[in-house]
Amino acid sequence: MRLDVAFDLGFTLCCGQVFRWKKIGGWWYGVVGESVFKVRQCGSELEFVNVDEVFVRHYFGLNDDLEEISSCINKDDYIGKALRKFAGLRIVRQNPWECLISFICATYKSIAAIEQMLQRLSVKFGEKMMFDGLDFYRFPSVERLALASESGLRECGLGYRAKYVQVTAQKICHEKINLEGLKELSYLEARKVLLGFAGVGLKVADCVLLFSLEKLEAFPVDVWVKRAILNHYAEKFPADLVKKMQRHDSLTNGEYLKISEFARAYFGKYAGYAQEYLYHYERTQR
DNA sequence: CGTGGGCCTGTCTA
DNA sequence: ATAGACAGGCCCA
């Protein structure tokens, strides 16, 4: 298909939002929902196999008006540079369940380790599929993980996260919680529900809200975004707060809320997009 | 309400 | 090689 909007597949899939896409022989392979598809980009030409255009447009956020979003969040030179460097980066619309479990697993782990955990989880508890002569695994269902033992989950390398995944899966299963339905709630209402799950704090909740529940105002603050804010937006905060935040690596809930609420006020309703650009820019600055 | 300490384990670096 | 630091935080006291 011929792209009529700015899009960069590599930026969008690399590092951070999604963990199960793999580049093999020039194609990106992904398991989304029940099936596998592959996609590659050459300039403004986007090719995909085993999936239709409607899904591709939705999944890769091609329906977001990125021009409007960019001009909306382009508040200063620093984010301006990030917007130019990663032009075409978009926010993916993931499955909320997979996204929730992914970010529960993501705490205190490097991206390589997160990919490893989710792969092992899918191999052990998901269904196998063949595509292009390669093996792929569906992400395990809610029901399957609700039945998993803590030790079985630990075998996938989850460590202390095993209990969180088990308890969260059981809660969603037994209480028949409809995660997709959270899209209909406001940002704050949906966040409140997510914070009720084991292993979900403000950071994990914001990732799920942004990457799977279409809450583009969510502004996840991880160590990289914290660094970006302290290095380039420190003058927006009281000096004593900046000093306090520099002393510790992680954030208290209070500090987290101060940063993310500043970001929503400053960047506006698309603060989540600003977060993605700042995150990638900060990570590549060293 | 704010704060400090502990936590599983895979990667990466020295 | 092998240890040690660090990793997209959360929970509990």
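In what follows, chains carry the letters A, B, and so on, assigned in the order in which the sequence lines appear, proteins first and then strands, with residues in each chain numbered from 1.
Heavy atoms of Phe197(A) sit under 4.0 angstrom from primed sugar atoms or phosphate atoms, though from no base atom. When heavy atoms are screened at a 4.0 angstrom cut-off, Val204(A) is found touching the sugar-phosphate backbone but no base atom. Residue-level contact check: Lys244(A) touches the backbone only, with heavy atoms under 4.0 Å from sugar-phosphate atoms and none from bases. Contacts of Ala162(A) with the nucleic acid, taken as non-hydrogen atoms under 4.0 Å apart, are absent. Within the nucleic acid shown, Gly254(A) has no heavy atom closer than 4.0 Å to any nucleic acid atom. When heavy atoms are screened at a 4.0 angstrom cut-off, Glu255(A) is found touching no nucleic acid atom at all. Contacts of Arg161(A) with the nucleic acid, taken as non-hydrogen atoms under 4.0 Å apart, include base atoms. Backbone-only contact: Val200(A) has heavy atoms under 4.0 Å from sugar-phosphate atoms and none from a base.
Of the candidates dG9(C), dT9(B), dG10(B), the closest approach to any side-chain atom of Tyr108(A) belongs to dG9(C). Here dC10(C) is the nucleotide among dG10(B), dC7(B), dC10(C) with the atom lying nearest to any side-chain atom of Lys203(A). Listed nucleotides: dG10(B), dA7(C), dC8(B). Nearest to the side chain of Gln116(A): dG10(B). Looking at the side chain of Thr107(A), the nearest of the listed nucleotides dT9(B), dG9(C), dG4(B) is dG9(C).
Between Tyr164(A) and Tyr160(A), the ring planes lie perpendicular to each other; the angle is over 60°, past the 30° to 60° tilted range.
Remark: aromatic rings of Trp21(A) and Phe37(A) are close, center separation under 6.0 Å. Here Phe267(A) and Tyr273(A) keep their ring centres 6.0 angstrom or further from each other. Aromatic rings of Phe48(A) and Phe55(A) (six-membered ring for Trp) have centroids beyond the 6.0 Å cut-off, not under it.
Nearest heavy-atom pair, Leu121(A) versus Pro140(A), reported as atom, atom and distance to 0.1 Å: O-CG, 3.6 Å.
Following rounding to the nearest Å, Phe19(A) (CZ) and dA7(C) (C1') show an atom-to-atom distance of 12 Å. Protein atom CD1 of Ile111(A) is 13 Å distant from nucleotide atom P of dT11(B), rounded to whole Å. Residue Tyr160(A) contributes atom OH, which lies 13 Å from atom P of dG10(B) at whole-angstrom precision. If you take CD1 of Ile101(A) and P of dC10(C), they are 14 Å apart, rounded to a whole angstrom. One interatomic measurement links the two molecules: CZ of Arg283(A) to C1' of dC12(B), which rounds to 13 Å at whole-angstrom precision. Atom P of nucleotide dG9(C) and atom NE2 of His248(A) are separated by 16 Å, given to the nearest angstrom. Residue Leu153(A) contributes atom CG, which lies 17 Å from atom C1' of dG10(B) at whole-angstrom precision. Rounded to whole Å, the distance from NZ on Lys258(A) to P on dC1(B) is 13 Å.
Not one side-chain nitrogen or oxygen of Arg247(A) sits closer than 4.0 Å to the OP1 or OP2 atom of dT3(B).
Straight-line distance between the P atoms of dA13(C) and dC8(B): roughly 14 Å, to the nearest whole Å.
Of the two residues contacting DNA chain C, namely Cys207(A) and Leu195(A), the nearest-nucleotide position lying further toward the 5' end is that of Cys207(A).
Side-chain to base pairing of Lys109(A) with dT9(B): one donor and one acceptor N or O lie within less than 3.5 Å of each other. Taking only distance into account, the side chain of Tyr164(A) never meets the base of dG9(C) through a donor-acceptor pair shorter than 3.5 Å.
Residues passing the side chain to side chain contact (heavy atoms under 4.5 Å, CB included) test with Ser186(A) are Leu188(A), Glu189(A), sequence neighbours excluded.
Across every strand in view, dT9(B) sits in a pair with dA7(C) that passes the Watson-Crick or G-U test at under 3.5 angstrom.
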